[in-house]
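Lettering follows sequence order; numbering is per chain, from 1.
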Protein chains: 2
Amino acid sequence: MTEPDHDPGPGLAPEQVATYFALTEAAGALQHHVEQHLRAEIGLSAIQFRILATLAEAGGRLTMTELADGVVYSRSGLTYQAGLLEKAGLVTRCPSPDDERSTLLALTDEGLARVEQAMPGHVAVVKRLLFDPLSEADLAALGDIMARARDHMRAQPPRSAAPRKRRPASEPE
Amino acid sequence: MTEPDHDPGPGLAPEQVATYFALTEAAGALQHHVEQHLRAEIGLSAIQFRILATLAEAGGRLTMTELADGVVYSRSGLTYQAGLLEKAGLVTRCPSPDDERSTLLALTDEGLARVEQAMPGHVAVVKRLLFDPLSEADLAALGDIMARARDHMRAQPPRSAAPRKRRPASEPE
DNA sequence: AGAATTTGCTTCGAATTCGAAGCATGATCT
DNA sequence: AGATCATGCTTCGAATTCGAAGCAAATTCT
């Protein structure tokens, strides 16, 4: 499971493949465990927790597009989850005062309370699974690397295959 | 996006939260881009490619459980995907000579060819998105860290989530 | 040996996800 | 101003996913 035997072709380092697979599998396993924990503890799916946490970080209110952009999610999926969360009383949907067509998702007090209730145990699980075998230096390096990778991916222009996409300039107005 | 304003509680470093979020978001974005590329290039979903690649790494044959264990996937989902892949002629299902109840998934020549066809472009996308902003030292550090994290997660026993795994609970439901 | 427990996989039903199409609002052009 | 295009969200249908239940083979216990 450590060294692939196929021929990846010229100029491609198998070390990168191994790193990528390790990253993907670890991230998948981590997500799985986190999902289990969140659902068992406070009855939220990982994506729901992520939505609420992103809202909390942003100060409580975001438009659907900003939110979907932040959680790397499809618009329709976000609509579905927003409906669930609204029905659960954790968020409210207000029309934006600026753009009538935009919908602002706002965190309710209960929603914020839920996030704060979930956060310690959530982080504890992540700590145990991800950060336990890592040193301080590892943590710093990983944080630095992943932040850089994330920013790089955010800066990636949308693929040309998309029929209707946002403007190439990802600059907020 | 750097420092959440909520109170995570005592003993929990916000740096870890930031690292975890960066990791999750980057992994999610990477997975999304990879999914797009794989589907557009060779008509495989990410999970299908992962199954085929895992099979190739293992020498061509694995049981369903070993495979599901390797790709962190549900058994039923793997059954579904195995059906699709078998119908596509990329794998075959043979009963195990050792255990009659076990099903061995075997990679066909076409399946192996598909993996090898997909691998270069796949790695190129990963390279561009993930490894482009990283130095050699970053790559080595990331590979080391993620491999350690993955092994640690693999070693994690299922908490109490397992319904009826090994121990016959004296409390029937 | 025979019965009970365990293990491995598949089927089933419900929930979730996504892209495309549809609808409404804002911006731009003439 | 009116028309046209662009943007934001939602609905819709199909595909995928998961856990629980079900079934067959193997191991263990008596």
Any base atoms under 4.0 Å from A:Thr63, or only sugar-phosphate, or nothing? Heavy atoms, all strands.
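It contacts sugar-phosphate atoms only.
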Quick one: side chain to side chain donor-acceptor pair (under 3.5 Å) partners of [X], sequence neighbours excluded?
| X | answer |
| --- | --- |
| A:Asp144 | A:Arg148 |
| A:Glu100 | none |
| B:Arg39 | none |

Look up atom CG in B:Leu62 and atom CD in B:Glu57, then write down how far apart they are to the nearest 0.5 Å.
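Here the interatomic distance stands at 10.0 Å.
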For the pair made of [atom1] in [X] and [atom2] in [N], what is the distance, rounded to whole Å?
| X | N | atom1 | atom2 | value |
| --- | --- | --- | --- | --- |
| A:Leu78 | D:dT11 | CG | C1' | 15 Å |
| A:Leu67 | D:dC9 | CG | P | 10 Å |
| B:Asp69 | C:dC9 | CG | P | 11 Å |
| B:Gln31 | C:dC18 | CD | P | 10 Å |
| B:Leu104 | C:dG8 | CG | P | 13 Å |
| B:Arg39 | C:dG19 | CZ | P | 9 Å |
| A:Glu66 | D:dT7 | CD | P | 15 Å |
| B:Arg50 | D:dT17 | CZ | P | 13 Å |

Distance only, no hydrogens: is a donor on one side chain within 3.5 Å (strictly under) of an acceptor on the other, for A:Ser135 and A:Asp138?
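Yes.
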side-chain N/O A:Gln36 vs D:dC18 OP1/OP2, d < 4.0 Å
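No, outside the criterion.
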State which of [options] makes the closest approach to the side chain of [X].
| X | options | result |
| --- | --- | --- |
| B:Thr103 | C:dG19, C:dT10, D:dT16 | C:dT10 |
| B:Tyr73 | C:dC9, D:dT17, C:dC18 | D:dT17 |
| A:Ile47 | D:dG8, C:dT17, C:dC9 | C:dT17 |
| B:Tyr80 | D:dA20, D:dT17, D:dT11 | D:dT17 |

Taking five pairs at each end of the helix from C:dA1-D:dT30 to C:dT30-D:dA1, what angle separates the two helix axes (nearest 10°)?
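The value is 20°.
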Using only heavy-atom distances, decide whether a donor-acceptor pair under 3.5 angstrom links the side-chain of B:Ser102 to the base of C:dG8.
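Result: no qualifying N/O pair found.
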Got a donor-acceptor pair under 3.5 Å from the side chain of A:Thr65 to the base of D:dG8?
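Such a pair does not exist between side chain and base.
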Running the 4.5 Å side-chain criterion over Ile, Leu, Val, Met, Phe, Trp and Tyr, what cluster does A:Val72 land in, apart from itself?
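For A:Val72, no cluster forms, as it stays isolated from other hydrophobic side chains.
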Any chance you could pull the hydrophobic cluster mates of B:Leu104, using side-chain heavy atoms under 4.5 angstrom and chaining through other members?
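Result for B:Leu104 is none, singleton.
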Heavy atoms within less than 4.0 Å of DNA chain D: which residues of residues 81-101 of chain A have one? Give them sorted by number.
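A:Arg93, A:Arg101 - these, ordered by number, are the residues of the stretch whose heavy atoms sit under 4.0 Å from the strand.
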Just wondering, do B:Ile42 and B:Gln117 contact through their side chains at under 4.5 Å, heavy atoms?
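Yes. Closest side-chain heavy atoms under 4.5 Å.
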Which pairs would a plain distance check flag for residues 80-93 of chain B, meaning a side-chain donor or acceptor within less than 3.5 Å of a matching protein atom at least two apart in sequence or in another chain?
unit_1	atom_1	unit_2	atom_2	d
B:Gln81	OE1	B:Gln48	NE2	2.9
B:Glu86	OE1	B:Arg93	NE	3.2

Those residues that, when tested against A:Phe49, pass ring pair (Phe, Tyr, Trp, His ring centres under 6.0 Å) (two or more places apart):
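For A:Phe49 the ring pair (Phe, Tyr, Trp, His ring centres under 6.0 Å) partners, ignoring immediate neighbours, are A:His122.
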